[in-house]
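Model, not experiment: these values are computed from the prediction.
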Amino acid sequence: NNLPPPEGCGEQSALAFVMSQWCQWQPDIQGAYEIKLSTMGLALMLATGSPALGAVMVNGAAIERPHEGIMTRSRAKKQGPPEYQRIALPTKIFALLADVLLEQLEQ
């Protein structure tokens, strides 16, 4: 793992960068084949059991900020971008796979 990190990803490793992007965009993937391909890829990554996966931290659920009244666009803009819990990559992969399973069961 002597490769330098890709440009634009700060100090995180290439694995951490790719997996954080994959996990971020997984819910937006559309099309039966594309969903199947991405889901199989995540499942195979998890099946490797590599300890490197456990060392990668990715964004989990958004942290709810307390607010009074209705959240308008101007209030949301003042609060800034949402903050996320940081969770281990295998946990996030399990959550994404569970979401895909629930979506398939609803159809």
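Note on Ile87: it clusters hydrophobically with Met19, by side-chain heavy-atom contacts below 4.5 Å among ILVMFWY residues. In terms of hydrophobic clustering, with Ile, Leu, Val, Met, Phe, Trp and Tyr side chains grouped at heavy-atom distances under 4.5 Å, Phe94 and Leu96 are assigned to a common cluster. Grouping the Ile, Leu, Val, Met, Phe, Trp and Tyr side chains by contacts below 4.5 angstrom, directly or via other members, places Leu46 with Trp22.
Residues satisfying the side chain to side chain donor-acceptor pair (under 3.5 Å) test with Thr39, not counting sequence neighbours, are none. Taking the side-chain contact (heavy atoms from CB on, under 4.5 Å) definition, one finds that Ser74 meets it with Thr72, sequence neighbours left out. In this view, Glu83 and Arg65 satisfy the salt bridge (charged side-chain N to carboxylate O under 4.0 Å, His left out) rule, not counting sequence neighbours.
The hydrophobic cluster analysis finds Ile70 isolated: no Ile, Leu, Val, Met, Phe, Trp or Tyr side chain comes under 4.5 Å of it, directly or through other members. Residue Tyr84 is found outside any hydrophobic cluster, as its side-chain heavy atoms come under 4.5 Å of no other Ile, Leu, Val, Met, Phe, Trp or Tyr. Using a 4.5 Å cut-off between side-chain heavy atoms of Ile, Leu, Val, Met, Phe, Trp and Tyr, Trp25 forms no hydrophobic cluster with any other residue. The hydrophobic cluster analysis finds Met71 isolated: no Ile, Leu, Val, Met, Phe, Trp or Tyr side chain comes under 4.5 Å of it, directly or through other members.
Within the structure, side chain to side chain donor-acceptor pair (under 3.5 Å) contacts touching residues 26-35 (residues at least two apart or in different chains) are Gln26-Ser38.
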Would you be so kind as to tabulate the donor-acceptor pairs closer than 3.5 Å made by side chains of residues 48-61, with sequence neighbours excluded?
residue	atom	partner	partner atom	Å
Thr48	OG1	Met45	O	2.7
Thr48	OG1	Ser50	N	3.4
Ser50	OG	Ala52	N	3.2
Asn59	OD1	Arg86	NH1	2.8

Using distance only, find each side-chain donor-acceptor pair of residues 100-107 under 3.5 Å and give its atom names and separation, not counting sequence neighbours.
none

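Note: Met40 CE to Lys36 NZ = 8.0 Å, rounded to the nearest 0.5 Å.
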